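Each remark here refers to the structure printed beneath this line.
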Amino acid sequence: MLNFLARRLAQIVPTLFFVSVLIFSLQQLLPGDPALVMAGEERDPAVIEQIRHQYRLDQPVPVQYAYWIKGVLVGDFGESLRNKMPVRELIAQKLPVTLQLGAMAIIIAFLIGIPAGIVAAVKKGTAWDYGANFFALWGISTPNFWLGIMLIFLFSIELGWLPASGYVPLSEDWRASLAATIMPAFVLGNAIAAILMRHTRSAMLQVLESDYVRTARAKGLSERSVILKHAMRNALTPIITLGALELGTLLSGAVLTEQIFSIPGFGKLIVDAVFNRDYAVVQGVVLVTATVYITLNLIADIAYILVNPRLRG
Amino acid sequence: MSPLIEIRDLRIRFHGDDGRITHAVDSVDLSVANGATLGLVGESGCGKSVTSLAIMGLLPKQTTEVTGAIRFDGFDLLKAADQTLRDLRGNRLAMIFQEPMTSLNPSFTIGDQIIETILRHRGGSRKSARERAIDLLRRVHIPSPERRIDEYPHKLSGGMRQRVMIAMALACDPQLLIADEPTTALDVTLQAQILELMRELKAASGAAIILITHDLGVVAEVCDEVAVMYAGEIVERAPVDELFSAPQHPYTVGLLGSIPRLDQRAEQLATIEGMVPNMAQPPAGCRFAARCPFVLEACTRAPPPLVDVSPGHVSRCIRAPLEILVS
Ligand SMILES: Nc1ncnc2c1ncn2[C@@H]1O[C@H](COP(=O)(O)OP(=O)(O)OP(=O)(O)O)[C@@H](O)[C@H]1O
Ligand code: SF4
Ligand SMILES: [Mg+2]
């Protein structure tokens with residue numbers, strides 16, 4: 001276990017290095033001149049040249065990279081070309097918003113997907129099963145923007161129960177915060193719920209046929225204990241990894257969802273930065289996203305080992 | 001004295017997805033007295049496991065139709081409420097399965113799995129249940145049980161897993177133990193060890209045992225009575241000595257073909273020419289007719305009844321007794 005952890009951690013370093021190089025190189029391919037962006041209205045060649053020199057844009061790309069990565073390693077991502085705010089501060093402001101949204105989405109996905117999958121498997125071929133399958137199909141095939149707009153229409157405009165847009169930090173007022181994020185979290189989570197439901201269902205069906213479930217019944221255990229203890233424990237092992245991997249899709253889904261609900265999160269930050277050619281912000285945000293994604297994968301692997309005695313050694 | 005378990009006219013049908021019905025078991029009658037051991041033998045697919053699963057109430061409810069009566073200690077298991085059955089299973093009724101490699105849950109330690117059974121039926125503290133579990137593991141000759149109890153199944157060999165399954169079945173001192181080919185999946189030395197164990201347990205526990213096996217040597221050594229199944233039916237039932245010395249059904253004669261002597265080490269059932277009938281459409285007359293060397297016209301017309309050939313010895317053959325034919 002410790003061995004495995006050490007190996008996984010050692011892998012992370014080169015992965016992140018590669019990602020950072022990639023981000024920085026792709027950046028060079030984007031059209032437009034950062035110096036011009038920073039210059040704003042100013043068109044005086046001397047000023048632009050001075051900006052170029054100040055931000056080392058006149059130096060070779062590897063040198064620029066070296067300066068950038070040196071800053072990154074101590075937590076300095078440079079500053080926004082637009083509003084001169086440190087990128088680190090922007091990230092520190094926006095990341096928690098998206099993390100909250102993602103966490104709520106994954107909780108919603110697990111709370112819906114896993115029970116629905118278990119019920120569908122246990123009651124295979126009944127109305128419950130068909131209902132759950134219908135829900136899964138719906139969840140997978142409904143576009144996020146359409147669902148988002150429908151939810152806003154129903155719960156904000158028609159019923160007036162939830163705010164249509166905006167964000168309140170959890171620490172400020174948790175009720176208002178939950179109210180503001182529940183709809184986008186559902187929009188983000190429902191497709192994952194559908195995927196989890198399908199996998200849980202098929203894993204449960206397989207496990208329910210297994211010899212050890214028959215053994216559990218032969219011991220005289222209640223059906224509840226047979227399903228929730230003996231069957232579920234084995235069926236959910238692969239599902240946990242799947243769920244953690246789906247977290248990655250959350251990050252990309254957040255981009256669109258945050259736009260729909262005007263939530264000032266990471267997704268919105270990156271969209272704005274790209275449109276504004278705010279290179280420093282784009283670099284910082286993408287690198288942090290990659291790091292978050294890699295960390296989630298690591299957590300998924302560890303979780304898989306923790307629930308699987310054969311791997312624990 | 002009335003038998004501990006008495007099966008009357010047991011029929012089991014599986015309803016397939018495509019609407020086909022498999023007659024896995026037809027009009028089976030069996031009984032086992034307290035402390036007795038019944039051997040159940042027959043070719044693969046003849047319905048031995050299905051019969052035992054019916055006794056345990058472990059057949060899938062949606063696709064299986066079970067009729068007849070299984071009286072255990074006076075009441076009918078087929079009519080009993082689910083809760084009553086659950087109270088019996090693992091407690092007074094226990095089964096060792098044919099598949100030792102896959103019958104233990106990979107996510108729990110063997111100790112947890114045995115303790116669970118004890119707590120379910122006996123209650124008491126976890127600590128005392130654990131002590132009992134260690135004791136059971138020792139009884140089935142698992143070395144250093146104090147340490148082994150905390151191991152997961154994947155660390156154990158097939159033979160060790162089968163011992164754990166046996167320990168688990170014995171956890172609450174069952175009155176009836178069904179052992180479904182407890183040795184088939186294991187190699188020969190392990191087979192002998194597990195068999196020795198079964199013999200010890202038989203002597204020590206006084207439980208009634210239904211032992212399913214392909215191994216006629218095992219039957220000869222362990223069983224008091226033998227029932228021979230063919231294509232879902234009992235074709236012959238007799239006290240063990242009599243079955244070996246004077247078999248009264250051509251199928252049994254065929255099975256015994258390769259081991260006429262009791263004093264030799266176990267051998268597998270002889271193979272008999274021909275195919276088992278398709279159980280979706282069982283033949284009209286004797287099910288063994290297509291393979292029987294003694295077949296007559298009359299055999300294929302109507303199913304032969306089980307007839308008494310001597311006290312306690314029945315055969316489903318219209319030509320029984322067979323003495324003249326065999327010699
Ligand atoms: N769940 C099921 N659904 C449909 N058919 C089944 C099911 N279980 C068993 N059968 C069929 O019932 C028949 C009897 O099977 P059973 O497992 O009792 O054989 P067996 O005598 O135990 O054979 P073996 O010696 O190979 O264990 C077989 O034809 C089998 O295909
Ligand atoms: S009834 Fe006829 S076919 Fe069947 S076993 Fe007897 S002799 Fe053979
Ligand atoms: Mg079998």
Side-chain angles (χ1 to χ4, degrees), chain A residues 1 4 114 118-130 200-241 302-313, chain B residues 17 49 52-53 55-63 82-110 112-122 150-155 161 164-165 168-169 171-172 174 178 180 185:
Chain A
M1 174 76 196
F4 164 85
I114 289 183
I118 291 172
V119 169
V122 172
K123 302 203 181 286
K124 186 188 167 204
T126 66
W128 289 95
D129 187 18
Y130 296 129
T200 306
R201 178 179 181 275
S202 66
M204 274 303 274
L205 281 179
Q206 203 188 342
V207 167
L208 285 173
E209 296 277 299
S210 69
D211 292 336
Y212 55 79
V213 164
R214 186 182 59 191
T215 306
R217 292 208 169 99
K219 294 186 201 174
L221 301 180
S222 66
E223 205 53 14
R224 184 193 162 85
S225 159
V226 169
I227 290 165
L228 294 184
K229 185 175 169 192
H230 286 266
M232 204 170 89
R233 178 68 177 263
N234 289 284
L236 288 193
T237 312
I239 307 293
I240 287 170
T241 315
I302 294 172
Y304 188 68
I305 291 181
L306 285 181
V307 294
N308 199 335
R310 258 164 301 190
L311 301 177
R312 234 179 290 152
Chain B
D17 288 337
S49 296
S52 18
L53 291 173
I55 298 172
M56 294 293 288
L58 289 175
L59 289 168
K61 286 206 179 57
Q62 300 88 344
T63 54
D82 286 350
Q83 186 54 46
T84 316
L85 280 179
R86 278 197 290 269
D87 288 341
L88 289 175
R89 278 202 292 264
N91 188 15
R92 297 170 61 194
L93 274 177
M95 179 162 172
I96 302 163
F97 296 100
Q98 202 173 342
E99 302 83 6
M101 296 309 285
T102 49
S103 289
L104 287 165
N105 193 323
S107 293
F108 298 96
T109 63
I110 59 172
D112 281 342
Q113 299 185 55
I114 299 172
I115 290 168
E116 188 179 32
T117 315
I118 300 169
L119 290 178
R120 161 71 178 88
H121 296 290
R122 293 280 172 88
D150 293 317
E151 268 174 12
Y152 285 91
H154 70 273
K155 295 260 179 153
R161 289 189 211 186
V164 173
M165 288 303 294
M168 198 186 289
C172 299
I178 305 173
D180 189 357

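Note that the structure is a prediction, hence the values are computed from the model and not measured. Chain identifiers are assigned alphabetically (A, B, ...) following the order of the sequence lines, protein sequences preceding nucleic acid strands; residue numbering begins at 1 within each chain.
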Between [X] and chain A, which part of the residue has a heavy atom less than 4.5 Å away: side chain, backbone, both or neither?
X	value
B:M56	side chain
B:L58	side chain
B:L53	side chain

Check: B:N105 and A:T215 side chains under 4.5 Å, non-hydrogen atoms
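Not in contact.
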List the steps and the verdict of side chain to side chain contact (heavy atoms under 4.5 Å, CB included) for B:Q62 and A:K124.
CA-CA 10 Å; B:Q62 300 88 344; A:K124 186 188 167 204; over 6 Å; no
Identify the two heavy atoms, one from B:R86 and one from A:S222, that lie closest to each other, and give their separation to 0.1 Å.
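Heavy atoms of B:R86 and A:S222 come nearest at CD-CA, 3.7 Å.
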Decide yes or no on side chain to side chain contact (heavy atoms under 4.5 Å, CB included) for A:E223 and B:D82, but give the supporting numbers first.
CA-CA 10 Å; A:E223 205 53 14; B:D82 286 350; over 6 Å; no
Other residues, nucleotides, ligands: >12 heavy atoms within 6.0 Å of A:E209 CD:
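Not buried by this count: 12 neighbours or fewer within 6.0 Å.
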Working to the nearest 0.5 Å, report the span between [atom1] of [X] and [atom2] of [Y].
X	Y	atom1	atom2	result
B:F108	A:R233	CZ	CZ	5.0 Å
B:M101	A:D211	CE	CG	11.5 Å
A:M232	B:S107	CE	OG	11.0 Å

Pick from B:G90, B:S103, B:A94: which one has the most heavy-atom pairs with chain A under 4.5 Å?
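If we count pairs closer than 4.5 Å to chain A, B:S103 comes out on top.
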So among B:R120, B:R89, B:Q113, which one has a side chain to side chain contact (heavy atoms under 4.5 Å, CB included) with A:K219?
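Only one option passes, and that is B:Q113.
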